[in-house]
Amino acid sequence: MNIDDRIERRLGYDTGLSVLADFEAVSPVSHAESPVGRGPAIERLLDVFAPAFSGSLPPSLYVYGPKGSGKSAVVSALFDRLSTHSGPRQAIQTTTRAVEPTIPGFVYVDARHASTRFRLYHAMLAAMSDDPVPDHGIGTEELAESLRDVMRTGPDLVVAVDHTNEVETPPASTLIGWLTDVGERLVPACIGRDPPDAIDWEPESTVEFAKYRRHVLVELLTSRCSTGLGRDALTHDQIRDIVEWSAGDAHDALAAVMGAAVSAERAGASTIRSADVDTGIEGVPRPCVALGRVLALPESRQRLLYELAGLSDDERSTVGAATEAIAARPGVDLSASTVRRVLYELADAGLLERVTVHRSDGKGRPPSRLVPLFPTVVFRELFDRQARTG
DNA sequence: ACCTGGTCCCGGGCTCGGTTTT
DNA sequence: AAAACCGAGCCCGGGACCAGGT
């Protein structure tokens, strides 16, 4: 939030009226322009990229660390800033002659939205060119060829691919293969949770992210809440409690904050009460699937999870019952058999947990019920808001 | 043996740029 | 210029088959 936004908020009609003033600021899926408390990590990344500033190619890089440790926040913010510096630079006087180093282009793509060859190339082109890239009626090879063109004429490229090696994203080696296929003056920087020895690619350098330390996470939440929530909506002690519970995971902490804010707002309260904090914390399963994963799913899948999260306990008691209930919802236009299949797929992907229920009338294999492994209240809130704004 | 839940796979068809024909 | 057609990726639907219980 910049100064204008802050002033506008003070002038605005919603001042003091709502607990959740700016949901983007406390959303676990949006990142701040300048990440809090990650200076050393930024320095380490800049160390790796140092050769790029004098005109040579930096080494390939693998960034790893646990969920909610700021990998995406830092790398996306850093690449966003670096990309504004790319292109030919002013001549630099050296002792012997003038050289004109060229800063490479820095492109950040999220594998969650670029899980196929086609979509990876599409995302890269979209990030680099001003005019829109068609997303239908064009072949993968055509996209690859335009990328090769860009690489031939433009500067070198450093491509960060976030969220590699997840269930619905390709492993690093696959992504590297796709990248090296479009140009050799291209340096990959993959980001993932697995340690380097657990992945099928050998990067030339690595940077590790550790869990947030308590005081850093307190600082981060305080900063986010000061812009996202109404004045003094959440006390310092409440923030400390949430941080303590979150065990250094910024995603979970923010999800709890947002859950608490939603709870308070629904109750018509002007600040977040301790019961709201409890509700917010209880709404976050541990371990918790990142909301970014859920929100990266195709619209039809998200709709399905949205409806599932809104079902009564009775309707959710078995996969079969949930299928019937979801397929009957007006917003769902999938057939029952597809709903059923997709529910199983989502469970297989780790977004839902299948808990077998033991029925007394047991003929045949006992059914299971589906338990969401992501914060459902916050997800529904984000889904609603995303639907409202398009 | 029988029954219901769960897994896996792939053909068809949808959407929508691009291309050819009218 | 308009219309008809083509073909790209990928989503949907459903059926064959396997698993695990009485």
Side-chain angles (χ1 to χ4, degrees), chain A residues 109-150 161 163 166-171 174-175 177-179 181-182 289 293-308 311 313-373 383 386-387 390:
Chain A
V109 296
D110 187 345
R112 285 171 179 163
H113 294 286
S115 56
T116 65
R117 229 168 108 88
F118 181 86
R119 287 183 185 170
L120 176 69
Y121 294 165
H122 188 276
M124 288 169 64
L125 280 169
M128 284 187 287
S129 78
D130 301 327
D131 24 62
V133 186
D135 36 40
H136 284 277
I138 185 168
T140 307
E141 266 316 306
E142 279 181 77
L143 290 184
E145 206 43 57
S146 354
L147 270 175
R148 289 187 194 106
D149 273 349
V150 171
V161 187
H163 303 120
E166 288 186 349
V167 179
E168 44 292 82
T169 63
T174 306
L175 289 159
W178 293 343
L179 288 177
D181 202 35
V182 292
V289 170
R293 259 183 81 189
V294 183
L295 292 164
L297 294 170
E299 205 275 337
S300 63
R301 311 292 146 113
Q302 287 188 50
R303 165 71 60 182
L304 219 137
L305 290 173
Y306 179 87
E307 300 295 349
L308 175 72
L311 294 182
D313 285 352
D314 200 37
E315 291 169 312
R316 220 189 316 185
S317 61
T318 69
V319 176
T323 298
E324 301 274 314
I326 292 171
R329 289 297 173 95
V332 177
D333 54 356
L334 299 179
S335 76
S337 95
T338 299
V339 170
R340 191 183 67 102
R341 176 176 58 76
V342 170
L343 285 176
Y344 281 119
E345 281 175 6
L346 292 169
D348 206 40
L351 297 170
L352 304 169
E353 188 187 6
R354 277 178 32 210
V355 181
T356 49
V357 292
H358 298 283
R359 288 189 309 197
S360 48
D361 67 324
K363 264 190 296 189
R365 185 172 174 172
S368 47
R369 90 193 131 82
L370 298 167
V371 181
L373 294 177
F383 185 87
Q386 149 185 300

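The chains referred to below are lettered A, B, ... by the order of the sequence lines, with proteins before strands, and numbering in each begins at 1.
- Rounded to a whole Å, the CG atom of A:Asp135 is 10 Å from the P atom of B:dG18.
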(request) Go through the steps to decide whether A:Glu141 and A:Arg148 satisfy the test salt bridge (Lys or Arg N to Asp or Glu O under 4.0 Å), and finish with yes or no. (result) CA-CA 10 Å; A:Glu141 266 316 306; A:Arg148 289 187 194 106; 3.8 Å; yes
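- Considering A:Arg293, A:Arg112, A:Arg301 in turn, A:Arg293 is the only one that fulfils the salt bridge (charged side-chain N to carboxylate O under 4.0 Å, His left out) rule with A:Glu168.
- A:Asp181 has its side chain within reach of A:Arg117: a pair of non-hydrogen atoms, C-beta onward, lies under 4.5 Å apart.
- Taking only side-chain atoms of A:Thr140, from C-beta outward, the nucleotide of B:dG17, B:dT7, C:dG9 with the closest atom is C:dG9.
- Heavy-atom minimum distance, A:Val332 versus A:Glu307: CG2-CG, 3.7 Å.
- The phosphate of C:dG14 (OP1 or OP2) has a side-chain N or O of A:Ser337 nearer than 4.0 angstrom.
- Applying a 4.0 Å cut-off to non-hydrogen atoms, the residues of residues 110-122 of chain A that approach DNA chain C are A:Thr116, A:Phe118, A:Arg119, listed by residue number.
- Listed candidates were B:dC3, C:dA19, C:dC12. Nearest to the side chain of A:Arg341 is C:dC12.
- What separates CD of A:Glu299 from P of C:dC11 is a distance of 12 Å, to the nearest Å.
- Where A:Ile138 and A:Arg354 each meet DNA chain B at their nearest nucleotide, the meeting point lying more 5' is that of A:Arg354.
- When the nucleotides B:dT15, B:dT4, C:dG13 are ranked by their closest atom to the side chain of A:His136, B:dT15 comes out on top.
- Using a 4.5 Å heavy-atom cutoff, the side chains of A:Leu143 and A:Val182 are not in contact.
- Using a 4.0 Å heavy-atom criterion, one finds that A:Ser335 contacts the sugar-phosphate atoms exclusively.
- Side-chain contact between A:Arg119 and A:Val109 is absent, with no heavy atoms from C-beta onward closer than 4.5 Å.
- As a whole-Å value, the separation of A:Asp131 CG from B:dG17 P is 15 Å.
- At the heavy-atom level, A:Val342 lies nowhere under 4.0 Å from the strands shown.
- The CG-C1' distance, from A:Leu297 to C:dC10, rounds to 15 Å in whole Å.
- Contact detail for A:Leu125 and A:Val150: the closest heavy-atom pair is CD2-CG2, 4.3 Å.
- One can place CG of A:Leu334 at 10 Å from C1' of C:dG13, the figure rounded to the nearest angstrom.
- Atom CZ of A:Arg365 is separated from atom P of B:dG5 by 10 Å (rounded to the nearest Å).
- Here the C1' atom of nucleotide C:dC12 and the CZ atom of A:Arg303 are 17 Å apart, to the nearest Å.
- At the heavy-atom level, A:Thr318 lies nowhere under 4.0 Å from the strands shown.
- OP1 or OP2 of C:dC12 lies within a sub-4.0 Å distance of a side-chain N or O belonging to A:Arg301.
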